[in-house]
Amino acid sequence: MAFQGPKGTRDFYPEDMQVISFIFNTWKRTAWLFGFEEYEGPMFEHLDLFTKKSGEEIVKQLYNFKDKGDRDIALRPEITPTLARMIVARGSSLKKPVKWFSIPRLFRYERMQKGRLREFHQLNLDIIGEAGISADAELIAAVVFMMKSFCLASTDFKIRVNSRKLMSECLSALGFPAEKIPAAYSILDKKGKIEPEALQEMYAKDGIAGSDVQIIENLLACASLDHVRALVAAKADQVPALAEIDEFFSKISAYGLSEFVLFDIAVIRGLAYYTGIVFEVFDEQKSLRAIAGGGRYDALIEQFGGEPTPAVGFGMGDVVLYELLKEKNLIPQYRKPVDVYIINFNKDDSLPAISFASLLREKGVSCEFSLKGQNFKKQMEHAQHARMVAFVGGDEWKEGKVKIKDMGSGEEKVVEKDEAYSILAMGTHPPAP
RNA sequence: GUGCUAGUAGCUCAAUUGGCAGAGUACCAGAUUGUGGUUCUGGGCGUUGGGGGUUCAAGUCCCCUCUGGCACCCCA
């Protein structure tokens, strides 16, 4: 093997491109149905655009280099900072709310696992400039719609939703020290993922003890919103986020998507910048890593130098989604795109095939023919992927006629050339613009 | 960044305690120059991922490295 692609990259052969296009097209169609517009930015940005959002630690998890002008550059590991930059640059001239989507190719310098590579695609949908919970509900409805568009059912996946705001209000109402709330988040995030001893270590490391431990344990034990409600019943006035998340779930019900969306107190997400609703999409068995994740980030645009602007968004990667679709046998079968195959009766004279192919192409019919004068049988073998076959050359060709064959039914007939065009053109499916 | 595991034909895999590298599939060509998915025959299938070491002899044992898979960390 002379050369290999770099670690964690993929080659997309035509059959792979057909799959990735299927995924992209499904994404784009849903984005369009929900009124999102597409945007795109550069694949590399100034390094500090990413450290601004995520801190210096992020540098060891991305590809960065100095360019010939001695500038610090990074291949983008996410597109949200680019989005924030673009939003800030247009400022108040954008009509709110902004509903934009993108399918960026992203790069992360990480050790690979199932569903995680160093180069991948990620759909991003964001709603910017709407503070109300209706934006969160609309966004999550779009996620569910998208998953349904792949023919995934509620028995295949669930969207697990929590609220950072709800968690911090509950913790405060129960008397948990405010400065330790971030540590509490990371412990909640570990629910069901680590051993009890490891949990004790985390408490010790973060200096959480006594009644504070009990507060977290009580929260962790909540399997539903009603449990949370009961836990803070005495201090309900200090937890307005409860009403908000109730409103969220009533909207989800109105969308008709209740079976797909559930409350899960263990969904916190690692990033510090989430301020409200957070959610993750998992396969039902939770055997794969999260298929998508997102939430509300009301402080980010301001952090990038813009006016205070509420925002909510999510990302969905192509790698894990592909794993799930493959597992559920929902990947469309490969189909060679050519529509008509032209066969030369006389393998030593390719001119009839050339002239007929040119005429078909002028008419917008996709076609090809053997480029190397193969015998009849070989040509037929190549033609078996085509929808229709046209036979040229020989006696019919001399009379201005062409024999055409439907490869599905096997039906054949000899027709005038002009008639052949219109018959062959029927049923063609040109690629969408 | 840490640990575990694997790598043989394009693909799926076999090869006795170390003893001449194989099968299927796919590909190309021909029995077939006017009819496809089926047969028959022939043909590349290869520095056994790469490098070094032990040995009369290494796909096999040892070391290094590359790539894949899994767990931890992280998950934007």
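Here the structure is a predicted model, which is why all the values come from computation and not from measurement. Sequence lines set the chain letters: A, B, ... in the order given, protein chains first and strands last, and positions in each chain run from 1.
Counting any heavy atom pair closer than 4.0 Å across all strands shown, Phe391(A) reaches a base atom. Within the nucleic acid shown, Gly8(A) comes within 4.0 Å of sugar-phosphate atoms alone, with no base atom in reach, counting heavy atoms only. Here Gln379(A) lies out of heavy-atom contact (under 4.0 Å) with every strand. Here Gly410(A) lies in heavy-atom contact (under 4.0 Å) with a base. Residue Asp395(A) is in base contact, counting any heavy-atom pair closer than 4.0 Å across all strands shown. Within the nucleic acid shown, Gln122(A) has no heavy atom closer than 4.0 Å to any nucleic acid atom. At a threshold of 4.0 angstrom between heavy atoms, the contacts of Glu57(A) with the nucleic acid are absent. If you check every strand for non-hydrogen atoms under 4.0 Å, Glu396(A) touches a base. Here Arg269(A) lies in heavy-atom contact (under 4.0 Å) with sugar-phosphate atoms only. Residue Gly270(A) is in sugar-phosphate contact alone, with no base atom involved, counting any heavy-atom pair closer than 4.0 Å across all strands shown. Note on Ile58(A): a base of the nucleic acid sits closer than 4.0 angstrom, heavy atoms only. Heavy atoms of Lys405(A) sit under 4.0 angstrom from at least one base atom. Heavy atoms of Lys377(A) sit under 4.0 angstrom from at least one base atom.
Separating the NZ atom of Lys378(A) from the P atom of rG34(B) is a distance of 15 Å, rounded to the nearest angstrom. Between Leu288(A) atom CG and rC70(B) atom C1' there is a gap of 14 Å when expressed in whole angstrom units. Look at CE on Met380(A): it is 17 Å from P on rU39(B), rounded to the nearest Å. Summarising the geometry, the separation between CD on Gln61(A) and P on rG1(B) is reported as 12 Å, rounded to the nearest angstrom. Following rounding to the nearest Å, Arg116(A) (CZ) and rG69(B) (P) show an atom-to-atom distance of 12 Å. The separation between Lys205(A) atom NZ and rC73(B) atom C1' is 12 Å, rounded to whole Å. The distance from atom CZ of Phe50(A) to atom P of rC75(B) is 17 Å, rounded to the nearest whole Å. In this structure, Arg10(A) atom CZ and rG68(B) atom P are separated by 12 Å, rounded to whole Å.
Using atom C1' as the reference point in both rG22(B) and rG46(B), the two lie 12 Å apart (nearest Å). Nucleotides rU65(B) and rU5(B) place their P atoms 16 Å apart, quoted to the nearest Å. With P as the reference atom, rA58(B) and rG52(B) are 13 Å apart, rounded to whole Å. rU60(B) sits 13 Å from rU55(B) when the C1' atoms are compared, rounded to a whole Å. For rU16(B) and rG59(B), the P atoms lie 12 Å apart once the distance is rounded to whole Å. rU32(B) and rA26(B) have their P atoms separated by 23 Å, with the value rounded to a whole Å. Distance noted for atom P between rG19(B) and rA29(B): 40 Å (whole Å). Comparing the P positions of rU41(B) and rG24(B) gives an interatomic distance of 11 Å, to the nearest angstrom.
Residues Glu284(A) and Lys158(A) are paired through a salt bridge, judged by an N-O separation under 4.0 Å between the basic side chain and the carboxylate. Taking the charged nitrogens against the carboxylate oxygens, Glu119(A) and Arg10(A) have no contact shorter than 4.0 Å, which rules out a salt bridge.
One finds no side-chain N or O of Gln113(A) lying less than 4.0 angstrom from the OP1 or OP2 phosphate oxygen of rG69(B).
At least one test fails for Lys403(A) against the ring of Trp397(A): distance under 6.0 Å to the centre or angle within 45° of the axis.
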- Query: For RNA chain B, what is the dot-bracket line, given that a base pair needs Watson-Crick (N1 to N3, plus N6-O4 or O6-N4) or G-U wobble (N1-O2 and O6-N3) geometry with both distances under 3.5 Å, and | means paired with another strand?
  - Reply: (((((((..((((.....[..)))).((((.........)))).....(((((..]....))))))))))))....

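Where His385(A) and Met112(A) each meet RNA chain B at their nearest nucleotide, the meeting point lying more 5' is that of His385(A). Between Gly408(A) and Gln374(A), it is Gln374(A) whose nearest contact on RNA chain B lies nearer the 5' terminus.
Set against rG69(B), rC74(B), rU35(B), the side chain of Phe376(A) has rU35(B) as its closest nucleotide. Side chain of Met407(A), nearest nucleotide from rG36(B), rA29(B), rC70(B): rG36(B). Comparing rC73(B), rU33(B), rU67(B) by their nearest atom to the side chain of Lys7(A) picks out rU67(B). Each of rC75(B), rG30(B), rG36(B) was ranked by its minimum atom distance to the side chain of Asn375(A); first place goes to rG30(B). Checking rC74(B), rG68(B), rA29(B) against every side-chain atom of Lys190(A), the shortest atom distance belongs to rC74(B).
Two rings, from Phe263(A) and Phe249(A), have their centers 6.0 Å or more apart.
At a threshold of 4.5 Å between non-hydrogen side-chain atoms, the residues Leu139(A) and Phe36(A) count as touching.
Between the side chain of Arg111(A) and the base of rG69(B) there is no donor-acceptor pair of N/O atoms closer than 3.5 Å.
Sequence neighbours left out, the pairs with a member in residues 292-308 of chain A that pass side-chain hydrogen bond (donor to acceptor under 3.5 Å, both in side chains) are Asp126(A)-Tyr297(A), Asp136(A)-Arg296(A), Arg296(A)-Asp298(A).
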- Evaluate the side chain to side chain contact (heavy atoms under 4.5 Å, CB included) criterion for residues Ile216(A) and Met202(A): first the C-alpha distance (whole Å), next the side-chain angles of each, then the deciding distance (0.1 Å), finally the verdict. CA-CA 12 Å; Ile216(A) 292 180; Met202(A) 290 190 72; over 6 Å; no

- Message: One pair to check against side chain to side chain contact (heavy atoms under 4.5 Å, CB included): Phe101(A) and Lys28(A). What are the steps and the verdict?
- Response: CA-CA 8 Å; Phe101(A) 83 97; Lys28(A) 286 183 180 182; 3.9 Å; yes

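Between the side chains of Glu244(A) and Ser163(A), no donor-acceptor pair is found at a separation under 3.5 Å. With no hydrogens or angles considered, a side-chain donor-acceptor pair links Glu138(A) and Tyr255(A) at under 3.5 Å.
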Hey, can you pull the donor-acceptor pairs under 3.5 Å for the side chains in residues 353-363 of chain A, sequence neighbours left out?
| residue | atom | partner | partner atom | Å |
| --- | --- | --- | --- | --- |
| Ser355(A) | OG | Pro352(A) | O | 3.2 |
| Ser358(A) | OG | Ile354(A) | O | 3.0 |
| Arg361(A) | NH2 | Cys367(A) | O | 2.9 |

